[in-house]
Amino acid sequence: MDLNRTFSMTVNGAALAGAETMDVINPATGEVCTNAPQASKTQVDEAIACARSAFSQWKTTTIEERQSLVKQAARILEANIEELAQILLLEHGRPLQGCMMELQAAIQYFDDFAAMTPEVLVTEDSDVRRVEVHYEPLGVVCAIPAWNFPITLSAMKICPALVAGNTLVLRPSPTTSLTLLRIGELLRDVFPAGVFNVISGNGLGSFLTSHSGFDKISYTGSTETGKQVMAAGADSLRRMTLELGGNDAAIVLPDVDIEKVAPQIFFGAFFNSAQICVATKRLYIHADIYEPLRDALHQIAKASKMGDGSEPDTVLGPIQNQRQYRSVSALLEHAQKEGLTLLTGYQPENQEGYFIPATLVDNPPHDSRVVTEEAFGPILPLIKFDNEDDLIQQVNSSKYGLAGAIWAQDTQKAVTLAKRMDTGTVWINENLYLPASTPFGGHKQSGIGVENGMAGLLGFMQQKAIYIPK
Ligand code: NAD
């Protein structure tokens, strides 16, 4: 991929160079590969002012017009998917096939949200009156996605926000700005000027989330930062959706076919080098099958090549950024110091990039940090269970409640267990599937509000009840 080009921000339908630049690091080498615009606070003000000005016209368009433009955007992304995947590979480190998967999923979000229409709700239709609940856009939305799936996480914000009639300022995570800047460039002529703005830069988070020019913050990131975002919005009671951290448990019942489920469980835990909010981060295995499943997973970990995503046989890429690399490394070192048994996977040859081998932790104590904390990297504790009540108590002991999975042949039993899990999503015999049709959000400290589904779309709207006399 030739990155010998300048990426620009998109503000008011036009290119905007940064006031300065910021380095872009290739995580597979740890070296600077190019740079991206660094917006100044004045430029952020400008982007928000343009979005505000565009809102007055955009909100008067019909939902059909907006849906049609979102669909048009999908076709443009589709036509440029190869280029976008190459940029994503370089800045993210994930192998090309995984980058393509993310972009295809993002395009699907564009198409699916373009087909969603909130209906007017009639809550009373009596001899005295008719009561109609209408939905209106909120205004200017600030979208702040995390870096692990920068494009799909952004699509989950861009599409409903625009379909609902809001304008938007997207600020990608500073370590994954390029692909989204390119998407801004590609969509410049699709939406009216000022409707879809993309700015980039380090150190802008709290400036954005406390900015009085926004009517809604749609934020995806860690629980700790989410609390700061919430505090920043308190003075104006700004609307917000917070999609936050998770320490997702998966349960494996003794009736599974180990050979069949082991690769699926491995994928659900380690795809994207385990940097997925809904990845399996604690694996509870029934005692009857603990050893054979542990050994099967270890074999897969050893056989899954970790390396530079641009090499064709790479399965697992590096950790995306240095801050996360240090955080996961520290957790691993702590586990080593505690004397836990670590079963290590494929050892990457490259020592320069942000690589940490896929690592299974063999039945650690339940209060060890590898179990209680969200690693957000390739460390998976395997925990043996034989009593279902104890199991559920352990599964629900986390402050998080994002997602979970159950692997079982007896799906009725799995549904019974799923109902006892304190999480927003539970998959049975599958994992990581988040369609636009279905609300996704966390229980407990995993978030507030939902994305996706009609509820996610309505999260970008305000309701108005009109009482019409008869
Ligand atoms: P993070 O909270 O450190 O950063 C996320 C984003 O917030 C980045 O764009 C960052 O620049 C920005 N930011 C940083 N400080 C800010 C502030 N004070 N105000 C506003 N924005 C600020 O999170 P991270 O480490 O980049 O991402 C990993 C976390 O995100 C994990 O906990 C993971 O589970 C979570 N996540 C959740 C979901 C979900 O849908 N629930 C999806 C992906 C990731």
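Values reported hereafter were calculated over all heavy atoms of this structure, with side chains retained and with hydrogens, waters and symmetry mates removed. In listed order, ligands and their atoms are each counted from 1.
- The protein non-hydrogen atom at the shortest distance from atom 37 (C) of ligand 1 is L244 O, 3.1 Å.
- Sorted by first then second residue, the side-chain hydrogen bond (donor to acceptor under 3.5 Å, both in side chains) pairs that include residues 29-44, not counting sequence neighbours, number zero.
- At the top of the distance list for atom 5 (C) of ligand 1, counting protein heavy atoms only, stands Y219 OH, 3.3 Å.
- Taking the six-membered ring for Trp and the full ring otherwise, the centers of F266 and W407 sit at least 6.0 Å from each other.
- Close approach of ligand 1 to L153 (heavy-atom distance below 4.0 Å) involves ligand atoms 42 (C), 43 (C).
- Distance from atom 32 (O) of ligand 1 to its nearest protein heavy atom, with residue and atom name: E374 OE1, 2.7 Å.
- At least one heavy atom of P145 sits under 4.0 Å from some atom of ligand 1.
- Only one option out of L88, L178, I183 pairs with P150 in a side chain to side chain contact (heavy atoms under 4.5 Å, CB included); it is L88.
- Residue contact annotation: G442 has no non-hydrogen atom under 4.0 Å from ligand 1.
- Here V229 has side-chain heavy atoms under 4.0 Å from ligand 1, and that is the only part of it that gets that close.
- Under 4.0 Å from ligand 1, heavy atoms of T220 appear from its side chain as well as its backbone.
- Scanning the protein heavy atoms around atom 19 (N) of ligand 1, the nearest turns out to be G205 C, 3.3 Å.
- Contacts with ligand 1 closer than 4.0 Å are made by side-chain heavy atoms of I144 only, the backbone lying farther away.
- With no hydrogens or angles considered, no side-chain donor-acceptor pair links T372 and K399 at under 3.5 Å.
- Of the protein's heavy atoms, W147 NE1, 2.6 Å lies nearest to atom 26 (O) of ligand 1.
- Protein heavy atom nearest atom 18 (N) of ligand 1, with residue, atom name and distance: Q228 OE1, 3.1 Å.
- Ring geometry, F149 versus F271: the interplanar angle falls from 30° to 60°, so the pair is classed tilted.
- The side chain of L402, and not its backbone, has at least one atom closer than 4.0 Å to an atom of ligand 1 (non-hydrogen atoms only; side chain from C-beta on).
- Residue P174 touches ligand 1 through its side chain alone, judged by heavy-atom distances below 4.0 Å.
- Near T209, meaning under 4.0 Å from one of its heavy atoms, ligand 1 places the atoms 19 (N), 20 (C).
- Salt-bridge check for E373 with K281: failed, with every basic side-chain N at 4.0 Å or more from each acidic carboxylate O.
- For atom 25 (O) of ligand 1, the nearest non-hydrogen atom of the protein is R323 NH2, 3.1 Å.
- The option with the heavy atom closest to atom 30 (O) of ligand 1, from among G221, G203, S177, is G221.
- Side chains of L331 and R369 form a contact here, defined as non-hydrogen atoms less than 4.5 Å apart.
- Under the 6.0 Å distance and 45° angle rule, K444 does not count as a cation-pi partner of Y400.
- Separation of the F385 and H366 ring centroids does not fall under the 6.0 Å cut-off.
- Within the listing of ligand 1, atoms 32 (O), 34 (O) sit less than 4.0 angstrom from a heavy atom of G245.
- The distance criterion of under 3.5 Å between nitrogen or oxygen atoms is not met by T223 with respect to ligand 1.
- Side-chain atoms of R238 come within 3.5 Å of backbone atoms of H211 as a donor-acceptor pair (strictly under, hydrogens ignored).
- Residue E338 places its CD atom among more than 12 non-hydrogen atoms of other residues, nucleotides or ligands, all under 6.0 Å distant.
- Qualifying salt bridge (Lys or Arg N to Asp or Glu O under 4.0 Å) partners for E136, counting only residues two or more places apart in sequence or in other chains: K464.
- Near G246, the atoms of ligand 1 lying under 4.0 angstrom from a non-hydrogen atom of the residue are 34 (O).
- Each of the atoms 40 (O) of ligand 1 lies under 4.0 Å from some heavy atom of F440.
- Given atom 8 (C) of ligand 1, the protein heavy atom at minimum distance is R171 NH2, 3.8 Å.
- For the atom pair CZ of F113 and OG of S437, the computed distance is 9.5 Å after rounding to the nearest 0.5 Å.
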